[in-house]
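The sequence lines fix the lettering, A, B, ..., with proteins before strands; numbering per chain opens at 1.
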Protein chains: 2
Amino acid sequence: MTITIRDVADAAGVSTATVSRALRGLANVDEQTRARVQQVAVDLDYVISPSASRLASGRTGSIGVVTPYIARWFFATVLSGVEGVLQNAGMDLLLMSVSSADGHLRLPPAPRLRRRVDAVLAISLPPDDPQLTEVLALGMPTSLIGTQRAGVPGVTIDDVQAGRMATQHLINLGHTSIGVIGGYQVDALHTAEHDRYRGYVQAMQTANLPVDRNRETYGYFTVTGGEQAMTQLLTHPNRPTAVFVMSDEMAFGAIRAMRAHGLTPGKDISIVGVDNHDLAELLDLSTVAQPVADMGRIAAESLLVQLRTGAANSGLESLQLPTQLIVRGSTAPVA
Amino acid sequence: MTITIRDVADAAGVSTATVSRALRGLANVDEQTRARVQQVAVDLDYVISPSASRLASGRTGSIGVVTPYIARWFFATVLSGVEGVLQNAGMDLLLMSVSSADGHLRLPPAPRLRRRVDAVLAISLPPDDPQLTEVLALGMPTSLIGTQRAGVPGVTIDDVQAGRMATQHLINLGHTSIGVIGGYQVDALHTAEHDRYRGYVQAMQTANLPVDRNRETYGYFTVTGGEQAMTQLLTHPNRPTAVFVMSDEMAFGAIRAMRAHGLTPGKDISIVGVDNHDLAELLDLSTVAQPVADMGRIAAESLLVQLRTGAANSGLESLQLPTQLIVRGSTAPVA
DNA sequence: TACCCTTGCGCAAGCGATTACATGCAACAA
DNA sequence: TTGTTGCATGTAATCGCTTGCGCAAGGGTA
């Protein structure tokens with residue numbers, strides 16, 4: 001019924017070993033033989049059995065992508081970049097979401113990864129996440145996206161710089177009373193958010209402006225989280241004239257909170273986000289753009305290199321991609 | 001080094017056959033034996049080799065998800081629903097994007113699916129897409145999401161009704177001059193869009209309103225596409241007072257086009273979309289909500305049933321989920 | 001007591017590749 | 001001529017499970 005390497009070998013008049021070598025492009029196969037084998041394989045509509053191949057070779061030819069969310073813009077966009085690269089490389093992409101801060105419950109990823117993938121790509125897992133630690137303990141090539149952890153290659157943006165750029169932009173517009181909206185309590189910040197916060201502080205201090213803890217709020221890393229945080233800022237007596245929001249989705253929420261209070265972004269309060277989310281332009285949101293899909297692509301690419309060159313660290317310990325300030329209507333000179 | 005079923009068998013004092021049966025919960029295993037085997041497996045930190053299991057059993061334990069886009073809201077949300085169900089079921093999810101109308105080039109999915117998955121879930125592939133035909137020719141259980149094709153189980157919403165509801169809503173508000181923005185040229189519409197269009201026509205005709213082809217525009221199924229389409233409608237002499245937009249993302253674009261012309265949604269022109277996109281509320285967009293994540297969940301669930309009960313068609317030929325009109329500020333009584 | 005079923009388990013034959021090792025042959029140098 | 005070397009290929013062990021079949025023991029039934 002389904003045809004095997006045996007059938008191809010017989011039809012081509014060679015051994016299965018030769019078929020295997022020929023089809024995989026290994027050296028030491030006569031070009032004529034190779035051509036004949038390939039032809040026969042096509043004629044017979046032969047498809048290699050991945051299971052058999054995996055069992056025999058010990059390689060699975062697939063890589064696992066571990067992410068806390070699938071449907072959120074950032075994650076879906078990274079995933080999309082990753083997928084393109086892996087598809088080109090002929091690798092299977094095993095998608096796996098893990099439990100995340102907002103409590104959606106999932107099985108721990110490490111056991112689900114063992115023996116089924118050759119490498120792992122982890123998107124925005126906090127560097128101290130025990131789940132991540134377990135995954136790393138598996139001992140396979142792993143690459144991080146969006147976070148950094150010592151000894152593990154990864155691609156991020158320069159979050160400090162991003163925070164600095166955003167804040168500096170507000171400062172340049174004459175704002176002196178600048179608030180912050182982030183995703184978690186300061187102490188529990190992921191590296192990314194923490195670094196963005198550091199950038200903010202740097203910019204403020206360089207400009208000799210006060211860093212006022214009362215103008216910092218944190219909520220969930222969502223539209224609603226941003227909305228709540230902004231609402232809180234607005235009801236504060238010492239209301240800032242500009243706010244640095246650590247992600248565009250939160251900024252969307254912040255904008256909504258403003259509207260609910262009859263305020264207009266850019267006019268009453270300036271808002272700058274980070275991401276350059278698909279809809280940031282639509283909402284006229286100033287933001288620090290990060291090359292999200294590229295982060296996925298590059299991380300995947302580097303993982304493939306790591307896989308080919310043996311588990312040797314692929315030179316790239318950690319890569320930081322450039323960001324770019326995009327000025328839109330949500331930021332304007334202070335009144 | 002890595003421990004095998006052999007090791008577990010030896011340690012438990014049984015044969016590998018028994019270990020296999022015990023661990024998989026098959027019948028005809030003494031409960032005491034089973035318990036012992038399980039304990040030993042845990043103690044030894046045994047993890048079954050999927051490759052070996054697949055090779056021996058012929059089942060891959062994974063299902064392929066084929067989608068034209070990953071990063072777009074609808075697709076990412078469906079995917080998220082699917083992933084949850086599959087993870088619970090212990091199935092691997094092989095993600096694969098395919099080439100789509102907007103020209104991103106990919107390998108044909110069918111060959112990449114052969115022998116590596118037990119079933120396929122196809123998201124919003126046009127029913128007459130040759131790629132889909134090839135996939136179906138693989139002869140494995142397949143389920144569709146968002147589109148319908150005779151003989152293939154799938155889950156959709158009642159798109160005709162969605163179109164009707166949206167249009168009727170506008171009619172109820174007193175609008176008589178109602179335009180349409182869709183994703184493609186009418187003739188090339190997917191079933192979903194085509195049905196939504198039919199719903200629109202039905203509602204118009206029932207209300208004895210003219211269906212004016214000049215008030216129909218089509219662009220890409222994106223924010224930009226919607227923007228362009230709306231721009232076109234706006235420059236039209238016979239400008240509609242309300243527009244039914246076939247997706248929220250296009251509606252976002254339409255809103256943007258309006259703003260660019262100094263018009264306000266709901267005030268100058270009413271806009272109603274379909275989806276209830278995450279950000280629809282933020283943009284105050286009236287829309288026909290569809291349970292996107294549920295579609296993914298249900299389709300996945302039904303596929304699992306199909307898999308368990310043998311390839312027998314799982315009863316469910318095609319399921320239609322209910323939609324709900326959500327009225328927000330983008331629609332208002334005609335001036 | 002004799003017979004039949006059921007239950008629990010082991011035996012061993014696959015599943016379909018990969019790959020270390022062996023082999024044969026041609027070319028080449030000594 | 002003979003010994004080396006290297007290339008192209010074949011042999012067969014191996015990867016780690018699943019599963020059809022057979023067998024023994026125990027319990028019911030006639």
Side-chain angles (χ1 to χ4, degrees), chain A residues 1-38 40-41 44-62 90 92 111 114-118 307-308 310, chain B residues 1-38 40-41 44-62 90 92 111 114-118 307-308 310:
Chain A
M1 26 159 294
T2 82
I3 86 122
T4 75
I5 198 175
R6 186 62 279 149
D7 304 313
V8 177
D10 291 348
V14 295
S15 72
T16 61
T18 299
V19 173
S20 178
R21 295 185 193 110
L23 258 26
R24 282 181 301 149
L26 297 192
N28 288 342
V29 174
D30 185 83
E31 279 315 317
Q32 295 206 4
T33 309
R34 189 193 302 280
R36 182 157 36 93
V37 169
Q38 283 173 335
V40 170
L44 261 43
D45 194 26
Y46 168 69
V47 177
I48 199 178
S49 157
S51 329
S53 170
R54 286 166 189 183
L55 178 57
S57 72
R59 287 170 248 111
T60 66
S62 51
D92 286 350
R114 278 179 71 180
R115 281 164 163 270
R116 23 194 82 212
V117 300
D118 294 336
L307 234 35
R308 282 191 202 107
Chain B
M1 25 158 294
T2 83
I3 86 122
T4 75
I5 199 175
R6 185 66 275 151
D7 304 312
V8 178
D10 291 348
V14 295
S15 72
T16 61
T18 300
V19 174
S20 177
R21 296 187 190 110
L23 259 24
R24 282 182 301 150
L26 296 192
N28 289 341
V29 175
D30 185 81
E31 279 313 318
Q32 295 205 5
T33 309
R34 189 193 302 280
R36 184 159 34 92
V37 169
Q38 284 173 335
V40 169
L44 262 43
D45 193 24
Y46 169 68
V47 176
I48 198 177
S49 157
S51 329
S53 170
R54 286 166 189 183
L55 177 57
S57 73
R59 286 169 250 112
T60 66
S62 50
D92 285 351
R114 279 180 72 178
R115 281 164 163 270
R116 25 193 82 211
V117 299
D118 295 335
L307 234 34
R308 280 189 203 110

Any Thr33(B) side-chain N or O less than 4.0 Å from OP1/OP2 of dC9(C): yes
Ser49(B) side-chain proximity, nearest of dT18(D), dG16(D), dG16(C): dG16(D)
Whole-Å distance separating the CZ atom of Arg59(A) from the C1' atom of dC15(D): 12 Å
Find the distance Arg116(A):CZ to dC17(D):C1' and express it as a whole number of Å. 13 Å
Interatomic distance where CD1 belongs to Ile5(A) and C1' belongs to dT9(D) [whole Å]: 14 Å
Euclidean distance, atom CD of residue Gln32(A) to atom C1' of dT9(D) [Å, nearest integer]: 15 Å
Using a cut-off of strictly less than 4.0 Å, decide whether Thr18(B) has a side-chain nitrogen or oxygen near OP1 or OP2 of dC9(C). no
Which value, rounded to the nearest 0.5 Å, describes the distance between Arg24(B) atom CZ and Ile48(B) atom CD1? 7.0 Å
Could you measure the distance from the CG atom of Asp92(A) to the CG atom of Asp92(B)? Nearest 0.5 Å is fine. 10.0 Å
Going by atom types only, do Arg115(A) and Thr2(B) share a side-chain donor-acceptor pair under 3.5 Å? yes
Atom-pair distance (CG on Asn28(A); C1' on dG24(C)), nearest Å: 15 Å
Take Arg114(B) and Asp45(A), measure what side chain to side chain contact (heavy atoms under 4.5 Å, CB included) needs, and give me the verdict at the end. CA-CA 11 Å; Arg114(B) 279 180 72 178; Asp45(A) 194 26; 3.1 Å; yes
Calculate the interatomic distance between Leu55(A) atom CG and dG14(C) atom C1'; express it in whole Å. 12 Å
Please report the distance, rounded to the nearest Å, between CD in Glu31(B) and P in dC9(C). 10 Å
Counting any heavy atom closer than 4.0 Å, what does Arg6(A) reach on the DNA or RNA strands: base, sugar-phosphate only, or nothing? nothing
So, is Thr4(B) near the phosphate of dG16(D), with a side-chain N or O under 4.0 Å from OP1 or OP2? no
Both Ser51(B) and Ala17(B) contact DNA chain D. Which one's nearest nucleotide lies toward the 5' end? Ser51(B)
Separation between CG of Leu55(B) and CZ of Arg54(A), rounded to the nearest 0.5 Å: 11.5 Å
Any donor-acceptor pair under 3.5 Å between the side chain of Arg21(B) and the base of dG10(C)? yes
Look at Ser15(B) and dC11(C) and indicate whether a side-chain polar atom (N or O) is within less than 4.0 Å of OP1 or OP2. no
Which whole-number value in Å describes the distance from Arg115(A) CZ to dG16(D) C1'? 8 Å
